Amino acid sequence: MSKFKSLPGFREFYPEDFAERRFLFQVWRQVARRFGFQEFDGPALESLELFKAKSGDEIESQLFCFEDKGGREISLRPELTPTLARMIATRANSLKRPIKWFSIGDNFRYERMQKGRLRCFTQLNADILGESGPAAELELLALLVQLLQGFGLGADDFLIRLSDRNLWMLYLEALGFADKSAAILEIVDKWERISEESATEKLVGLVGDSGSSLAGSIRAFLEVRNLQDLKTAFESASEEAAEGSALSERLDDWNCLLDGLEAMGIAQFVEMDLSIVRGLAYYTGFVFEAFDRAKENRAIAGGGRYNGLVRKMGGPEMPAVGFGMGDVVLADLLRERGIMPQFVDTIDAYLVIGGDSERSVALADASLLRQSGFSVDYSFKNQAFGKQLKAASASGARFALIYGSEELENAVVKARNLSDRTEQDLPRNQLPLALRDLLA
RNA sequence: GUGGCUAUAGCUCAGUUGGUUAGAGCACCGGUUUGUGGUACCGGGGGUCGCGGGUUCGAAUCCCGUUAGCCACCCCA
């Protein structure tokens, strides 16, 4: 056993683990590219202030932060969005819009670990900036669906819940609680986790006696699953608001988005569900989360619109919407479903070397073949043929190239197909070409 | 930050009411095998039984502490 251990919440990736990781990244990258997103990255280490600016001072307790040797207060990044917002803010005026960017990177959060949550995890982030209309949300939802489909997940496996903080603001305004909306939404966010009684208690504590009727109105809103339900909820809240232009404009956005989902053939993956409000209050419009259907409440990915952030980072007004998807929950899910592929590293050829007198010839060919683009391996020491063939087989090689004295006398090497055990001689002076034909 | 459970080889786990030198399977290395691989047989390396303290003639085993892991709460950007 090693004298040292890795830090809590930080993983080591042995080759078999890394193969899974590579698979996740490949799908992420391929699908994002299919949608025309461009890959970027920022520094893993940033000033502490950057993260406090977005999330408030309380965030510090969950950061890997410290003072560097120059006396700077710095932190490993807990998320990518502040960095993205700063990068966009810096070049906002020269970036062609819409800006469609994605990134795959490690994030760090100083938290107690549990299932699906570590201290260092990798997240895919995809963001669209410069588009204020629901076309941006549509594109991101379509990307999210195809990403999950790219891993072999289907409509039975996941569901995207789509919500809207704007609708909540309009609704609370219609109910006469516009001034307490932030505090009320915090309670709504916890609604599913705490009992309705204790939620009602909190509401009564917040707004007084009208709290219990407010609780009833909120429950009705939480049960909304389509635009018809929504209309009914608003009508019973306030006739005036139900007829107002603010609501009808927002309903236009909803119609546009829902029609788009229909047109893209992904409507069955998305459900209107206003119980998603997402904790921190910097989201400004549509918000959404993708859930594992088998285990309710486990979010695979989440995001929403955050129109104010680029300006907060010193840039111009810049509409923005994005989502993140972590590798930990996703990999757990794929393993549970039995759809995490098992990868075997293979090579093209394994050289079986007769002895010292054949070794230098074999080494010359290994070098040539590798330069020609083949993956080639061989034993470091002289061993019996049987041993070397065993190693060849274990290496995953498709062919064993046998360098024996008889072969070399005839200026050939014997290629043994390791799966069907057939053999044929290849001329040494044309080895790369001959091997290419064999592998084709 | 709070609580519950757990900790023996790289992995999965045995280990009796406390009793010699802590075991097995898998994996790894070597041999049977200097011209033909997945099986078989033989052998080998690898452990301060998480760590520290206590009880005892004697602790992997009992007690206390601590650390780490898992799970839940909190939080979830």
Side-chain angles (χ1 to χ4, degrees), chain A residues 1-12 14-17 46 50-56 58-63 75-85 107-119 121 123 125 127 186 189-190 193-194 276-283 287 289 297-304 306 309 322-326 328-329 332 350 352-359 379 381-408 413-423:
Chain A
M1 193 189 302
S2 165
K3 187 173 175 180
F4 298 105
K5 287 198 275 192
S6 64
L7 290 170
F10 284 77
R11 292 168 289 175
E12 295 174 307
Y14 286 83
E16 59 273 23
D17 307 317
E46 292 270 18
L50 177 71
F51 303 119
K52 283 189 179 174
K54 181 193 168 221
S55 304
E58 321 77 55
I59 197 70
E60 185 169 342
S61 68
Q62 290 176 53
L63 296 180
S75 175
L76 285 164
R77 63 181 178 200
E79 58 167 328
L80 186 67
T81 310
T83 299
L84 167 66
N107 292 357
F108 307 85
R109 297 179 186 174
Y110 198 88
E111 292 183 295
R112 190 89 172 246
M113 295 94 64
Q114 56 181 288
K115 191 167 179 57
R117 165 173 282 182
L118 301 171
R119 287 183 171 180
F121 58 95
Q123 200 170 58
N125 277 261
D127 294 87
E186 256 181 64
D189 186 39
K190 294 177 171 48
R193 280 169 280 172
I194 62 182
I276 309 298
V277 297
R278 291 185 71 78
L280 269 95
Y282 75 100
Y283 284 111
V287 290
E289 291 184 4
N297 291 336
R298 183 161 75 163
I300 310 166
Y306 53 97
L309 192 59
F323 70 81
M325 181 188 304
V328 183
V329 171
D332 280 350
Y350 191 100
V352 173
I353 302 169
D356 284 330
S357 44
E358 290 82 26
R359 181 162 290 265
S379 169
K381 57 190 175 190
N382 293 333
Q383 287 176 308
F385 273 49
K387 206 72 158 173
Q388 293 189 64
L389 282 165
K390 201 169 174 177
S393 191
S395 75
R398 291 181 56 193
F399 287 91
L401 298 184
I402 298 173
Y403 285 75
S405 51
E406 293 165 28
E407 286 81 6
L408 295 192
V413 298
K414 187 179 285 175
R416 180 177 173 86
N417 183 320
L418 287 167
S419 46
D420 66 17
R421 301 183 180 216
T422 56
E423 295 183 340

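Keep in mind that what you see is a predicted model, and the values were worked out from it rather than measured. Order of the sequence lines sets the chain letters (A, B, ...), proteins ahead of strands, with each chain counted from 1.
For the pair A:Arg359 and A:Ser379, the tightest heavy-atom approach, listed with the atom from each and the gap, is NH1-O, 3.1 Å. Heavy-atom minimum distance, A:Leu118 versus A:Gly9: CB-O, 3.4 Å. Residues A:Ile353 and A:Glu358 share a closest heavy-atom pair of CG2-C, 4.0 Å. Here the closest heavy-atom approach between residue A:Gly404 and residue A:Phe385 is recorded as CA-CZ, 4.3 Å.
Distance A:Gln388 CD to B:G35 C1': 10 Å, rounded to the nearest Å. With rounding to whole Å, A:Met325 atom CE is found 15 Å from B:A77 atom P. Atom-to-atom, CD of A:Glu16 to C1' of B:C11 comes out at 11 Å; the value is rounded to the nearest Å. Rounded to whole angstrom, the span from the CG atom of A:Leu50 across to the P atom of B:A77 amounts to 17 Å. The nearest whole Å value for the distance from the CG atom in A:Asn382 to the P atom in B:G35 is 13 Å. When rounded to the nearest whole Å, the span between CG of A:Leu408 and P of B:U34 equals 20 Å. The interatomic distance linking A:Lys381 (NZ) with B:U34 (P) rounds to 14 Å, in whole Å. Rounded to an integer number of Å, the gap from CZ of A:Arg11 to P of B:G69 is 14 Å.
Between A:Leu7 and A:Ser405, it is A:Ser405 whose nearest contact on RNA chain B lies nearer the 5' terminus. Where A:Leu118 and A:Glu79 each meet RNA chain B at their nearest nucleotide, the meeting point lying more 5' is that of A:Leu118.
Using atom P as the reference point in both B:G31 and B:C51, the two lie 35 Å apart (nearest Å). Nucleotides B:G54 and B:G45 have their C1' atoms positioned 36 Å apart, rounded to a whole Å. Taking atom C1' in both B:G46 and B:C28, the straight-line distance is 9 Å, to the nearest Å. Nucleotides B:U16 and B:U61 have their P atoms positioned 11 Å apart, rounded to a whole Å. Of the C1' atoms belonging to B:C49 and B:G15, the separation is 10 Å, rounded to the nearest Å. Spacing of C1' atoms, B:U66 relative to B:U6, comes out at 15 Å, to the nearest Å. Taking the C1' atoms as reference points, B:A59 lies 14 Å from B:U8, given to the whole Å. B:U33 and B:G47 have their P atoms separated by 32 Å, with the value rounded to a whole Å.
In this structure, the nucleotide among B:G35, B:A77, B:U33 sitting nearest to the side chain of A:Glu406 is B:G35. For A:Lys414, the side-chain atoms get nearest to B:G35 when compared with the rest of B:G30, B:A77, B:G35.
With sequence neighbours excluded, no residue forms a salt bridge (charged side-chain N to carboxylate O under 4.0 Å, His left out) with A:Arg109. In this structure, A:Arg112 has no salt bridge (charged side-chain N to carboxylate O under 4.0 Å, His left out) partners at least two apart in sequence or on a different chain. Qualifying side-chain contact (heavy atoms from CB on, under 4.5 Å) partners for A:Glu16, counting only residues two or more places apart in sequence or in other chains: A:Tyr14. Residues that satisfy the side-chain contact (heavy atoms from CB on, under 4.5 Å) test with A:Glu46, not counting sequence neighbours, are A:Pro43, A:Leu50, A:Phe51, A:Thr83, A:Arg86. Partners of A:Ala391 by side-chain contact (heavy atoms from CB on, under 4.5 Å), not counting sequence neighbours, listed by chain and number: A:Tyr350. The side-chain contact (heavy atoms from CB on, under 4.5 Å) search around A:Ala400 returns A:Val352, A:Leu389, A:Ala392, A:Arg416, A:Leu418, not counting sequence neighbours. Taking the salt bridge (charged side-chain N to carboxylate O under 4.0 Å, His left out) definition, one finds that A:Glu407 meets it with A:Lys414, sequence neighbours left out. Under the salt bridge (charged side-chain N to carboxylate O under 4.0 Å, His left out) criterion, A:Glu60 pairs with A:Lys52, not counting sequence neighbours.
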Measure all distances between protein nitrogen or oxygen atoms and nitrogen or oxygen atoms of nucleotides 72-74 of chain B, and list the pairs falling under 3.5 Å.
{"residue": "B:C74", "atom": "N4", "partner": "A:Gln114", "partner atom": "NE2", "Å": "2.6"}

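At a threshold of 4.0 angstrom between heavy atoms, the contacts of A:Leu80 with the nucleic acid are absent. Counting any heavy atom pair closer than 4.0 Å across all strands shown, A:Gly303 reaches no nucleic acid atom. At the heavy-atom level, A:Glu111 lies under 4.0 Å from base atoms of the strands shown. Counting any heavy atom pair closer than 4.0 Å across all strands shown, A:Glu407 reaches a base atom. Within the nucleic acid shown, A:Pro8 comes within 4.0 Å of sugar-phosphate atoms alone, with no base atom in reach, counting heavy atoms only. Among the protein residues, A:Ser61 comes within range of no part of the nucleic acid, since none of its heavy atoms lies under 4.0 Å from any strand.
A donor N or O paired with an acceptor N or O is not found under 3.5 Å between the base of B:U34 and the side-chain atoms of A:Gln383.
Where RNA chain B pairs in unbroken runs of 3 or more (Watson-Crick or G-U, both distances under 3.5 Å), the stems are B:1-7 with B:67-73, B:10-13 with B:23-26, B:28-32 with B:40-44, B:50-54 with B:62-66.
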Check your understanding: What string of B, S and - do you get for nucleotides 37-42 of chain B, 5' to 3', when a contact is any protein heavy atom under 4.0 Å?
Key -> BB----

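A cation-pi arrangement is present between A:Arg119 and A:Tyr110, with the terminal nitrogen or guanidinium carbon under 6.0 Å from the aromatic centre and inside a 45° cone about the axis.
Here side chain to side chain donor-acceptor pair (under 3.5 Å) pairs that include residues 386-405 of chain A, with residues two or more places apart or in two chains, are A:Asp365-A:Tyr403.
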